[in-house]
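Right, one structure below, let's go through it.
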Protein chains: 2
Amino acid sequence: MSRTKKNQESTILDIAAALQLSPATISRALNNNPNVTPATRKKVTEMAGQLGYRRNNMALGLRNNKTHTIGLIVPRISMFFHAEAITMMQNALYEKGYNLIISQSNDSPEMERRLVDTMYSSRVDALIVSCTLDTQDFSHFDVFADNDIPLIFYDRVPPAFDGALIIRGDDFQGGYLAGTHLAETGCKRIAHISGPLTTNLYRDRSAGFFKALKAAGLPVYEHLVFYQPLTYDNTRTALKKMFEHREKPDAVFTANDTAAIAVHEFARENGLEIPRQLKIVGYSNDPRCAIIRPAITSVEQFPGKMGSKVVEALMQMLAADRETALNEPITIPVQLIRRMST
Amino acid sequence: MSRTKKNQESTILDIAAALQLSPATISRALNNNPNVTPATRKKVTEMAGQLGYRRNNMALGLRNNKTHTIGLIVPRISMFFHAEAITMMQNALYEKGYNLIISQSNDSPEMERRLVDTMYSSRVDALIVSCTLDTQDFSHFDVFADNDIPLIFYDRVPPAFDGALIIRGDDFQGGYLAGTHLAETGCKRIAHISGPLTTNLYRDRSAGFFKALKAAGLPVYEHLVFYQPLTYDNTRTALKKMFEHREKPDAVFTANDTAAIAVHEFARENGLEIPRQLKIVGYSNDPRCAIIRPAITSVEQFPGKMGSKVVEALMQMLAADRETALNEPITIPVQLIRRMST
DNA sequence: GTCATTTATGAAAACGTTTTCATAACTTGA
DNA sequence: TCAAGTTATGAAAACGTTTTCATAAATGAC
């Protein structure tokens with residue numbers, strides 16, 4: 001591990017001094033500016049290499065008012081959906097020469113607010129956001145719209161936001177597919193465990209589901225519908241209540257996969273045979289659904305596709321002059337993945 | 001969504017002009033410098049709010065040669081271990097006033113090299129890295145050590161690196177625990193599916209495992225040991241080979257959980273009863289291990305703990321003057337989580 | 001060989017902060 | 001009231017680039 005200690009990070013001025021040239025020429029040479037002699041360019045790049053020169057992005061950003069950095073705020077990167085989407089975005093952005101600053105709100109609106117401020121101070125060239133489940137007030141994002149900095153919401157989005165682009169999965173359709181599928185397999189009393197209706201996701205999934213039930217001529221049983229944070233424990237409690245009731249469900253549609261897995265375990269523990277006695281449909285197509293036995297039917301959201309769509313739209317926004325674009329919301333189709341649980 | 005368009009991002013000079021004060025005073029007021037009159041401070045903060053002022057971090061970074069940004073390079077954020085560790089780091093760093101730039105090498109050494117360069121250009125205050133499986137040459141990290149920028153490797157680390165801190169799980173002990181445990185449950189022919197030996201992780205896990213076998217007086221069967229990328233498909237192929245052999249294994253220790261799950265599925269498909277006919281131990285304690293039935297025994301690495309340790313060490317490095325510190329490697333203990341598969 | 005044109009280079013300003021040094025304005029103690 | 005300290009403010013330089021404008025050098029046309 002032999003290394004030569006260089007105590008100074010070298011700058012464009014060092015190269016200029018070493019070569020008896022002006023910093024302007026060095027800058028031009030390094031940026032492939034056409035009117036600089038090939039000979040000089042060669043000398044410059046060689047000296048740059050020799051001095052271990054690397055451009056200082058801070059100075060560049062200050063000068064050009066561009067950071068080539070995109071901010072991203074998600075509730076949690078460990079969620080399968082987000083991990084996939086982020087990976088796709090990051091790779092695509094990197095190829096375009098952009099860095100991504102990822103941060104997590106941990107589903108806390110307060111944290112989200114702070115992060116938005118930090119992102120603005122860092123002068124990101126654009127901001128991509130998937131909101132907190134509880135974000136009701138979206139005014140902290142105004143600073144981006146006000147300053148014409150591209151802003152994209154995806155997945156968990158505000159109902160509408162002037163000056164931002166909205167990209168989301170077709171949650172209504174997802175709920176509808178789930179409901180229709182369960183109805184077609186002959187279920188009569190279909191329970192529904194949804195998340196809090198403060199977010200678009202669950203509102204739409206539920207709406208689609210109910211529409212499917214109605215279309216199939218099935219009733220909605222009040223005691224079989226829950227709106228609550230979709231944790232493992234919450235789901236267990238809900239199930240316990242349901243099964244204490246006289247009219248027990250013969251199927252459950254949960255608005256995420258963690259809940260679906262909770263249902264699965266509950267069924268196993270209580271000797272309910274899946275799918276004969278209880279059918280299950282989850283949402284998101286988390287890999288865990290495919291591993292558990294019997295495997296769980298779920299709604300695929302194509303996170304990677306959503307990620308590429310976000311980047312694609314973003315590139316357009318960055319290229320376009322302010323007046324164009326900021327188009328209509330974009331919706332990504334979903335697909336029901338049938339497995340053994342139904 | 002009513003907003004007032006401000007076409008100019010306001011600076012400290014705007015505040016100064018509006019208040020008939022010098023930029024120096026504004027800066028002081030905003031930074032809680034003690035010698036500025038409370039009255040002035042009040043006026044300044046009020047005006048700042050009114051003008052929607054937010055400090056420009058680029059300018060700050062250029063001036064102070066500090067970005068308050070930490071770089072992170074991991075193979076893949078979707079891996080459970082990394083997602084957990086990152087979350088912990090990010091939260092801890094944020095509280096200390098640092099931003100985190102996360103990026104993924106996708107296990108490509110070439111990409112890793114490019115990312116290191118980008119991170120350097122972005123003048124991160126420190127770099128945290130978990131290497132590629134195939135990173136053999138670590139010279140691209142020299143630029144950090146050369147310029148005395150704190151550098152921390154964790155999990156997948158170089159054998160040694162002058163000028164960097166190394167934090168890793170106790171992989172040797174993990175392998176040892178797995179081997180001992182299987183020996184104690186009475187297994188005689190224990191197979192081992194490991195990853196490529198290019199990385200410390202698998203070298204150490206395997207070494208620990210073999211040591212345990214030796215201690216228990218068990219032989220190592222050549223035909224039951226595999227070193228290969230630990231994908232689902234590779235594992236299936238390896239198993240097929242093993243079970244075509246006359247002396248079939250009665251247990252498998254895989255060096256990650258994806259492989260363990262592949263073994264699990266193979267067993268089920270081939271009518272091998274777990275744990276009676278085949279016992280399984282995985283590595284990482286991925287949540288999937290707990291969901292599958294029978295649940296898989298695995299080695300817990302405490303990713304969160306490793307994350308906090310990284311940040312803790314980093315803070316020390318950032319505070320210390322160059323001469324102190326850059327201490328000995330740190331090892332995080334592991335723990336065998338026993339489940340139904342053994 | 002001269003003049004006009006192109007081409008390569010340099011000087012200097014700008015981006016938005018912070019900080020050193022200097023100075024003006026206040027206190028305080030006799 | 002005055003000298004001696006404090007305290008609050010300002011002026012200017014610095015961080016490392018890029019870019020406009022100017023100019024020197026080189027080329028080409030006659």
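Chain A is the first sequence line, chain B the second, and so forth, proteins listed ahead of strands; every chain is numbered from 1.
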Categorize [X] for me: base, sugar-phosphate, or nothing, with a 4.0 angstrom heavy-atom threshold over every strand shown.
| X | result |
| --- | --- |
| A:N64 | sugar-phosphate |
| B:L21 | sugar-phosphate |
| A:N31 | sugar-phosphate |

In whole Å, what is the span from the [atom1] atom of [X] to the [atom2] atom of [N]?
| X | N | atom1 | atom2 | result |
| --- | --- | --- | --- | --- |
| B:N35 | C:dC26 | CG | P | 16 Å |
| B:N33 | C:dT19 | CG | P | 9 Å |
| A:L60 | D:dC15 | CG | P | 18 Å |
| A:L51 | D:dG16 | CG | C1' | 15 Å |
| A:K66 | D:dG16 | NZ | P | 23 Å |
| B:Q20 | D:dA11 | CD | P | 12 Å |
| B:K42 | D:dA8 | NZ | P | 17 Å |
| B:N65 | D:dA13 | CG | P | 21 Å |

Evaluate the criterion side chain to side chain donor-acceptor pair (under 3.5 Å) for residue pair B:Y98 and B:Q90; output intermediate values, then yes/no.
-> CA-CA 9 Å; B:Y98 285 92; B:Q90 182 152 55; over 6 Å; no
So does B:T25 get a side-chain nitrogen or oxygen closer than 4.0 Å to the phosphate oxygens (OP1/OP2) of D:dG10?
->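 Answer yes for this pair, as a side-chain N or O of B:T25 is under 4.0 Å from OP1 or OP2.
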For B:S27 and C:dT19, is the shortest distance between a side-chain N/O and OP1 or OP2 below 4.0 Å?
-> no
If each of B:A24 and A:L13 is mapped to the nucleotide of DNA chain D with the nearest heavy atom, which maps nearer the 5' terminus, i.e. the 5' end?
->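 Here B:A24 is the residue nearer the 5' end.
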Residue whose closest nucleotide on DNA chain D lies nearer the 5' end, B:L62 versus B:P34 | B:P34
Kindly state whether the ring of B:H82 and the ring of B:Y154 have centres lying under 6.0 angstrom apart.
->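 Judged by ring-centre distance (under 6.0 Å), B:H82 and B:Y154 do meet the cut-off.
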A:F161 and A:F153 aromatic centres sub-6.0 Å =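 That pair passes the under 6.0 Å test.
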Looking at [options], which one has an atom nearest to any side-chain atom of [X]?
| X | options | value |
| --- | --- | --- |
| B:Y53 | D:dT17, C:dT17, C:dT19 | C:dT17 |
| B:S22 | D:dG10, D:dT17, C:dT17 | D:dG10 |
| B:V36 | C:dT9, D:dT9, C:dT17 | D:dT9 |

Closest-nucleotide ordering on DNA chain C, the 5'-leading residue of B:R28 and B:M58 |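 The 5'-side residue here is B:M58.
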Trace of the side chain to side chain donor-acceptor pair (under 3.5 Å) decision for B:S78 with A:E84 | CA-CA 7 Å; B:S78 56; A:E84 285 296 300; 4.6 Å; no
Test A:E9 against A:R54 for salt bridge (charged side-chain N to carboxylate O under 4.0 Å, His left out), laying out the working first.
-> CA-CA 8 Å; A:E9 323 204 352; A:R54 269 140 176 125; over 6 Å; no
